[in-house]
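Single-structure report; data block below.
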Protein chains: 2
Amino acid sequence: MTTIKKIAECTHVSAATVSNVLNGKGGASEAKAREILETAQRMHYTPNLLAKRLKNQQSNTIGIITEDLTVFNTPEIVDGVDAACEAMGMEIILGNMRLYKRYHNDFTDTQKHQQLLDKMVEHMLSHQVEGIVYVGYHCRKLVYLPTRITVPIIYAYCYPKGQKYPAVIYDDENAAYNLTTLMIQKGHQKIGAICGPLDSFHTLERLKGYQRALFENGILFNPGLVQYGDWTRSSGVAAAEVLIQTGVTAVFAFNDEMACGVYEYCARHTLKIGTDISVAGFDNRDVSADCTPSLTTVNLPLEEIGQTCTRLLTEAIGEKPVDTEITRLPCTLLERESIGPCPNPAK
Amino acid sequence: MTTIKKIAECTHVSAATVSNVLNGKGGASEAKAREILETAQRMHYTPNLLAKRLKNQQSNTIGIITEDLTVFNTPEIVDGVDAACEAMGMEIILGNMRLYKRYHNDFTDTQKHQQLLDKMVEHMLSHQVEGIVYVGYHCRKLVYLPTRITVPIIYAYCYPKGQKYPAVIYDDENAAYNLTTLMIQKGHQKIGAICGPLDSFHTLERLKGYQRALFENGILFNPGLVQYGDWTRSSGVAAAEVLIQTGVTAVFAFNDEMACGVYEYCARHTLKIGTDISVAGFDNRDVSADCTPSLTTVNLPLEEIGQTCTRLLTEAIGEKPVDTEITRLPCTLLERESIGPCPNPAK
DNA sequence: GTGAAAGCGCTAACAG
DNA sequence: CTGTTAGCGCTTTCAC
């Protein structure tokens, strides 16, 4: 381990001078400075961040707590936080609770979660983090919150009960509204919807957007055109079966997997997607770009969520007044091939 | 910030004693000890890890460098490393190079990569990591390696040129061999293969496994039954078209996406998968479980790769003799519904 | 049992 | 321009 002290010895100056030079603080003769720099290089000096931070009393680090890193949305969000941090010279430390792997969708054992979370927060605090980003693995109201936290925290892809802390999620409703509007613009009037479960936040929001688009275009909302799936492909197939028999010309599946189910149904019944029937999904999962015809879907601003969190967090760290609002980031419509004009525009 | 010193003041003992008690080192009267513990609790004492580690001269931390966190295999591997570390009281720090996002599949700009990597390693070293896991985003021979590294390093999902360092990958060949063997056991003799590009490590290995299975079962290898795709669904459709016309009864797609392409082709031509024709994929992507019929595929031991890396790394850190072998972890065959008996077992 | 002292690597304030 | 000193929070001898 090459230390400042060793360099000082070799160059016959004091540690302070070496420190100054290495940090570009000037205060050394041209010659000495060069000698020090060269020696540092030659001896492969690597500053010890632990010591530096201990001394400076600031870690320049924020903590990311993820509910589960292996769930599809999480890596992108972490990536966003990471990128933003890099850009502003901050660092991250990652704490993965592995909630999904441990408990799947069982969110009833609040106590266990609470315990895990508190341990995680404590751990982050031990690392002297200056703020924390909490990344949920699906959008929902969190019922457990850190018991004791001494730094700013911000929630991504979920939002805390009671709105005591800021949160960044995406705008489900407008995305669904835009997508439905696009279908209407293409001449579709009988548009089926394949929702997720009714108790899902996403279902509710997307349904609202769908309904608003219909309303604003003077189309009667027909509850018979709404089916409820469970986000799986097979539930999409089942819903498609029902919907297509009602004579819909377009189907809006609330996620890409269920949209694939619609594809499957159509393939079986030799309905040509984009011609005989239009289909849209949601989430922009890998498969949506790969299927044929490519699936029109909604891209989630995951990376932006991460970046926005970082920005808000650093503002909060900088003692700016924190507002505890929920920020909703817009999604982008990915118009691809699966939505075509209505085959029989005459109503 | 509650420090040991403050606790010492409050309890009228020295910092040394507080330290001893807090670390369960004994050397204090029952009464004093209890008082100290209580005070620490009450004042929400959180140990400062920076100071602790600086003093102890060991960080208990390993660094994970990922080529790109957002590529499908990476989070699982990171999760595996993380889990293993947690189990042995180690910590991780994550450094994401974002190679895929920055350059996509362009690995020609070696210099840039080299620079990024060196910066990353330097950064990790600054954090006093005791070892490094490098997570590639696809299996290949790495042409750039850290210029200077002073701690053990181990490669996951890729392997370094010249084999100077240990690596952990998975066993493509045996997985393909097992899968092909399964098809043969079900009576299939004309088995088509849809490979990835010929210059891919995965293609080569899997092809070897496929060929070995044929050979061991006395089936002539017919090059006409091998098609080359580019891992995308649409290339799977195209390959299926060719293969199925040759009269194959089973198709082994070298990834799930291309297998989905086969599904699509079959749906269009009303071929029933698992009955009229058997299909298998590789990778166990989400879609494979969701499609109908569910796709028989190969599960990649991603988490195990992470765990194995951690184990090997900690051994290396413990000064155990390091061997620089490539460890190949077995994949598991996920037998689902898409492979059925051969429709006309008479050859 | 308990505490004083020294020091991990680094920086900041101040003196020369 | 350069060095001395002190100290960040913690632990570890080694005396008492």
Side-chain angles (χ1 to χ4, degrees), chain A residues 1-37 39-40 43-61 89 91 122-130 150, chain B residues 1-37 39-40 43-61 91 122-130 150-151:
Chain A
M1 255 279 72
T2 307
T3 68
I4 258 187
K5 211 158 135 193
K6 289 222 191 84
I7 297 176
E9 280 168 19
C10 293
T11 54
H12 311 290
V13 294
S14 75
T17 304
V18 176
S19 172
N20 280 331
V21 170
L22 255 24
N23 291 299
K25 293 252 170 64
S29 68
E30 187 76 2
K32 268 286 166 226
R34 207 176 31 247
E35 189 191 345
I36 289 168
L37 257 9
T39 311
M43 300 179 72
H44 297 126
Y45 171 69
T46 311
N48 185 325
L49 277 180
L50 299 182
K52 223 165 172 155
R53 289 174 175 181
L54 174 60
K55 174 69 197 176
N56 291 339
Q57 291 291 85
Q58 53 145 340
S59 65
N60 246 276
T61 300
E91 288 189 17
E122 176 97 11
H123 174 234
M124 300 258 149
L125 257 18
S126 257
H127 275 281
Q128 316 301 111
V129 296
E130 298 175 10
T150 53
Chain B
M1 257 279 70
T2 307
T3 67
I4 259 188
K5 210 161 139 192
K6 290 222 192 79
I7 297 176
E9 279 168 19
C10 292
T11 53
H12 310 289
V13 295
S14 73
T17 304
V18 175
S19 172
N20 280 330
V21 170
L22 256 23
N23 291 299
K25 292 251 169 66
S29 68
E30 186 80 2
K32 268 286 166 225
R34 206 174 31 245
E35 189 190 348
I36 289 168
L37 258 8
T39 311
M43 299 178 74
H44 298 126
Y45 171 69
T46 313
N48 185 326
L49 277 181
L50 300 183
K52 221 165 173 156
R53 289 172 175 182
L54 173 59
K55 175 67 197 176
N56 290 339
Q57 292 292 82
Q58 55 146 334
S59 64
N60 247 273
T61 300
E91 287 189 19
E122 175 97 13
H123 173 234
M124 300 259 151
L125 257 17
S126 257
H127 275 281
Q128 315 301 113
V129 296
E130 299 175 8
T150 53
V151 296

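Naming convention: chains lettered A, B, ... in sequence-line order (proteins, then strands); numbering from 1 in each chain. Computed from heavy atoms alone, side chains included, the values below leave out hydrogens, waters and symmetry copies.
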- Note on the structure: chain B reaches DNA chain C, atoms under 4.0 Å from its heavy atoms, from C/dG1 to C/dG9
- Query: Are any non-hydrogen side-chain atoms of A/Gln57 and B/Met1 less than 4.5 angstrom apart?
  - Reply: no
- Query: When you check the gap from the basic side-chain N to the acidic O, do B/Glu9 and B/Lys6 get nearer than 4.0 Å?
  - Reply: no
- For residues B/Val151 and B/Glu130, determine if any side-chain heavy atom of one lies less than 4.5 Å from a side-chain heavy atom of the other. no
- Message: Among B/Leu22, B/Asn23, B/Val21, which residue satisfies the side-chain contact (heavy atoms from CB on, under 4.5 Å) criterion with B/Ser19?
- Response: B/Asn23
- Close residues, residues 7-21 of chain A, relative to DNA chain C [heavy-atom separation under 4.0 Å]: A/Ala16, A/Ser19
- Verify, without hydrogens or angle tests, whether B/Thr2 (side chain) and B/Met43 (backbone) share a donor-acceptor contact under 3.5 angstrom. yes
- Message: With heavy-atom distances below 4.5 Å as the criterion, would you say the side chains of B/Tyr45 and B/Thr39 are in contact?
- Response: no
- Query: Between A/Cys10 and A/Ile7, is any pair of side-chain heavy atoms under 4.5 Å apart?
  - Reply: no
- dist A/Thr150:OG1 -> A/Glu122:CD (nearest 0.5 Å) comes out at 9.5 Å
- Message: So A/Val13 and A/Glu35, do their side chains get closer than 4.5 Å, heavy atoms only?
- Response: no
- Looking at B/Ala15 and B/Ala8, what are the two nearest heavy atoms and their distance? N-CB, 3.6 Å
- Query: If you pin A/Lys32 and B/Thr46 to their nearest nucleotides in DNA chain D, which one's is more 5'?
  - Reply: A/Lys32
- the helix from C/dG1-D/dC16 to C/dG16-D/dC1: angle between its terminal axes, five pairs each, to 10°? 50°
- Message: Within this structure, what is the CZ-OG distance for the pair B/Arg53 and A/Ser126, rounded to the nearest 0.5 Å?
- Response: 8.5 Å
- Any side-chain heavy-atom pair of B/Leu49 and B/Lys52 under 4.5 Å: yes
- For A/Val18, which of A/Ile36, A/Leu37, A/Thr3 qualifies under side-chain contact (heavy atoms from CB on, under 4.5 Å)? A/Ile36
- Sub-4.5 Å side-chain heavy-atom contact between B/Gln128 and B/Thr61: no
- How would you give the extent of chain B contacts on DNA chain D, as first and last nucleotide 5' to 3' within a 4.0 Å heavy-atom cut-off? D/dC8 to D/dT12
- Message: A/Asn60: which residues meet the side chain to side chain donor-acceptor pair (under 3.5 Å) condition with it, sequence neighbours left out?
- Response: A/Gln58
- Message: Counting only heavy atoms and a strict 4.0 angstrom limit, can you tell me which residues of residues 51-59 of chain A come near DNA chain C?
- Response: A/Ala51, A/Lys52, A/Lys55, A/Asn56
